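In this text, all values refer to a predicted model and were calculated from it rather than measured experimentally. In this chain, numbering begins with 1 at the start of the sequence shown.
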Amino acid sequence: MSPGRIVDLSQPVGAGTPVFPGDGPVRVTVLDVGSVNLSRIDLSVHTGTHMDAPFHFFSGAETIDRIPLERCVGPARRIDLRGIGAGTEIRREHLATRPDAPLRAHAAILHTGWSKQWGAPRYFTDHPCLGADAAQFLVDCGVQLVGVDMPSVDCAPYPAHQILLRAGVPIVENLTNLDAIGADLFQIVVLPLKLAGRDGSPVRAVAMV
């Protein structure tokens, strides 16, 4: 089966990649081993486009290597929130097409346009945040994966993280290129590294249209 058109939704990772405040810079070391190219990389597992596992907030919950791959692949709905301003709380009514309408999708991808701020100082400080009622709405709709084009799905004290991860819904952050998908319904593939016992992982996220 042809995958159709593939759109890369991932930020590049390298020595200059912006990182969440406090996570420390990405360090790339070129190892001298003679006739081959070999590198070593040191980075937070929440660098670049990455997935948060429930263990990120809840000890004893699923670690990144235990998230079923079925949650990482499937039909997705892109929700256009590009009218949301900086620092705005995303509420339930922003996500529902009608007050009584369920969101019928395996994955909900929130397209705020904030990825255009990538590399700017305000990228990590002024982004919109998913409110608790909106996060609960996604859980109630049966969404299995939530992705955002922001550095975090919310801000301290992190109500959306807690609601989604407590329900076993992985969160993908720092998505980019969402406007290139060209459709609101598509297939998404977001595969984390199988890092044993860890709280998250960088991912290569793609849309198949």
Applying side-chain contact (heavy atoms from CB on, under 4.5 Å) to H50 and S44, what does each step give before you reach the verdict? CA-CA 10 Å; H50 67 275; S44 162; over 6 Å; no

So which atom in A205 and which in L175 form the shortest heavy-atom distance, rounded to 0.1 Å? CB-CD2, 3.7 Å

Ion pair check, R92 and D140, cut-off under 4.0 Å: no

Tightest non-hydrogen contact, residues S10 and T49, listed as CA-OG1, 3.4 Å

Heavy-atom distance under 4.5 Å between the side chains of I171 and H56, does that happen here? no

Could you measure the distance from the CG atom of L81 to the NE2 atom of H111? Nearest 0.5 Å is fine. 9.0 Å

Non-hydrogen side-chain atoms of P18 and Q11 separated by less than 4.5 Å: no

Measure the CG-CG distance between L191 and L69 for me, rounded to the nearest 0.5 Å. 6.5 Å

W118 vs F124 aromatic rings, parallel, tilted or perpendicular, using cut-offs 30° and 60°? tilted

Nearest 0.5 angstrom please: D133 CG to E89 CD, how far? 6.5 Å

The test is side-chain contact (heavy atoms from CB on, under 4.5 Å); show your working for V45 and L193 and say whether it passes. CA-CA 10 Å; V45 295; L193 298 174; over 6 Å; no

Going from NE2 on H127 to CD on E173, what distance comes out if it is rounded to the nearest 0.5 angstrom? 8.5 Å

Count I, L, V, M, F, W, Y as connected when their side-chain heavy atoms are under 4.5 Å apart, and connections chain through other members. Are L185 and V209 then in the same cluster? no

Co-members of V13 in a cluster of I, L, V, M, F, W and Y side chains, linked at under 4.5 Å: V19, V26, V28, I41, L43

Rounded distance [0.5 Å steps], CZ in R198 versus CD1 in I64: 11.0 Å

Mind checking whether V7 and F186 have side chains closer than 4.5 Å, heavy atoms only? no

Please give me the minimum heavy-atom distance between Y123 and N174, naming the atom from each residue. OH-OD1, 2.5 Å

What I want to find out is whether D65 reaches K194 closely enough, with some N-O distance under 4.0 Å, to be called a salt bridge. no

Heavy-atom pair of closest approach, residues G85 and P128: O-CG, 3.7 Å

W114 side chain reached by R122 side chain, heavy atoms, under 4.5 Å: yes

Is there side-chain contact between R104 and P75, with at least one heavy-atom pair below 4.5 Å? no

Is a side-chain N or O of H94 found less than 3.5 angstrom from the main chain of I79, in a donor-acceptor match? no

When clusters are formed by joining ILVMFWY residues with side-chain heavy atoms under 4.5 Å apart, either directly or through shared neighbours, do F55 and V146 land in the same one? no

H46 and D52 side chains, donor-acceptor separation under 3.5 Å: yes

Under 4.5 Å between any side-chain heavy atoms of L95 and L130, yes or no? yes

Determine the minimum heavy-atom distance between R78 and L178, stating which atoms define it. NH1-O, 2.8 Å

Any side-chain heavy-atom pair of I163 and V139 under 4.5 Å: yes

Kindly compute the distance separating CG (N177) from CG (D179), expressed to the nearest 0.5 Å. 6.0 Å

Where C72 and M51 come nearest, the two heavy atoms and their spacing: SG-CE, 3.8 Å

Presence of salt bridge, D8 and R204, under 4.0 angstrom: yes

Is L31 linked to V36 within one hydrophobic cluster, defined over Ile, Leu, Val, Met, Phe, Trp and Tyr using a side-chain heavy-atom separation of less than 4.5 Å? yes

So does R66 have more than 12 non-hydrogen atoms from other groups sitting under 6.0 Å from CZ? no

Under a 4.5 Å cut-off applied to non-hydrogen side-chain atoms, are R71 and E62 in contact? yes

